[in-house]
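Read through the structure below, which is laid out as structure tokens, and then see the notes.
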Amino acid sequence: VQLQASGGGLVQAGGSLRLSCATSGISISRNGMGWYRQAPGKQRERVAIIVAGGGTNYADSVKGRFTISRDNAKNTVHLQMSSLKPEDTAVYYCNNFPISWSWGQGTQVTVSS
């Protein structure tokens, strides 16, 4: 399984970004999928998950600001991020949920104040 996150960048506080995760080597349709992030000096944390049936769950810190979605036909998962805060600065990764795949390349999100 290969995972490739993209869409990160530098944005001012209050701005928006849309992350995408392209997967290959497996169909994601039967898998829960998630977005995770790791800030400098901190452990990787779960941001949002979407199960095979479409149900979602969010970390309290992003609830109401982030939206996870999936396109099974394109084997892609997205994370729409709005009202970004400096504390959202991190490298963002996608993976399945529960995690059983190797981590792919993340995408850097930097939010300036």
Side-chain angles (χ1 to χ4, degrees):
V1 179
Q2 291 187 325
L3 304 165
Q4 178 68 56
S6 62
L10 173 63
V11 64
Q12 289 188 330
S16 299
L17 283 173
R18 185 175 189 247
L19 306 184
S20 295
C21 174
T23 63
S24 60
I26 195 168
S27 172
I28 69 169
S29 62
R30 296 183 178 182
N31 287 275
M33 296 295 297
W35 282 96
Y36 309 82
R37 67 185 181 188
Q38 186 167 21
K42 294 187 177 181
Q43 288 189 330
R44 194 171 297 179
E45 63 174 350
R46 191 176 79 204
V47 175
I49 60 169
I50 183 166
V51 299
T56 59
N57 186 269
Y58 299 90
D60 287 343
S61 59
V62 308
K63 209 170 285 185
R65 300 188 297 121
F66 291 10
T67 302
I68 188 171
S69 62
R70 62 192 298 155
D71 184 337
N72 290 335
K74 295 183 178 179
N75 249 14
T76 303
V77 183
H78 300 285
L79 185 68
Q80 178 67 48
M81 306 187 296
S82 303
S83 302
L84 283 162
K85 304 176 180 180
E87 50 263 43
D88 294 319
T89 295
V91 178
Y92 284 70
Y93 302 85
C94 61
N95 209 325
N96 64 341
F97 175 82
I99 297 170
S100 62
W101 299 339
S102 297
W103 293 98
Q105 186 174 351
T107 185
Q108 175 71 48
V109 172
T110 304
V111 184
S112 62
S113 57

OG of Ser82 to CZ of Arg18, rounded to nearest 0.5 Å, is 11.5 Å
d(Thr23 OG1, Arg70 CZ) to nearest 0.5 Å is 9.0 Å
For Pro86 and Ser113, the nearest pair of non-hydrogen atoms, with its separation, is CG-CB, 3.8 Å
Glu45 meets the salt bridge (charged side-chain N to carboxylate O under 4.0 Å, His left out) criterion, sequence neighbours left out, with Arg37
task: For atom CD of Gln2, decide whether the heavy atoms of other residues, nucleotides or ligands shown that lie under 6.0 angstrom number more than 12.
output: no
Using a 4.5 Å side-chain heavy-atom cut-off and chaining through intermediate ILVMFWY residues, the residues clustered with Ile99 come out as Tyr36, Ile49, Val91, Tyr93, Phe97, Trp103
Residue set satisfying side chain to side chain donor-acceptor pair (under 3.5 Å) with Thr110, at least two apart, ordered chain then number -> Gln108
Students should find that the hydrophobic cluster of Val77, defined by side-chain heavy atoms under 4.5 Å apart, otherwise consists of Val1, Leu3, Val11, Leu17, Leu19, Ile26, Ile28, Met33, Trp35, Val47, Ile50, Tyr58, Val62, Phe66, Ile68, Leu79, Met81, Leu84, Tyr92, Trp101, Val109, Val111
Value for CD (Gln4) from CD (Gln105), rounded to nearest 0.5 Å, stands at 4.5 Å
Residues passing the salt bridge (charged side-chain N to carboxylate O under 4.0 Å, His left out) test with Arg65, sequence neighbours excluded, are Asp88
* Should we say atom NZ of Lys42 is surrounded by more than 12 heavy atoms from elsewhere, each under 6.0 Å from it? -> no
d(Asn95 CG, Ser100 OG) to nearest 0.5 Å is 7.0 Å
Taken in chain and number order and not counting sequence neighbours, the residues that satisfy side chain to side chain donor-acceptor pair (under 3.5 Å) with Ser29 are Ser27
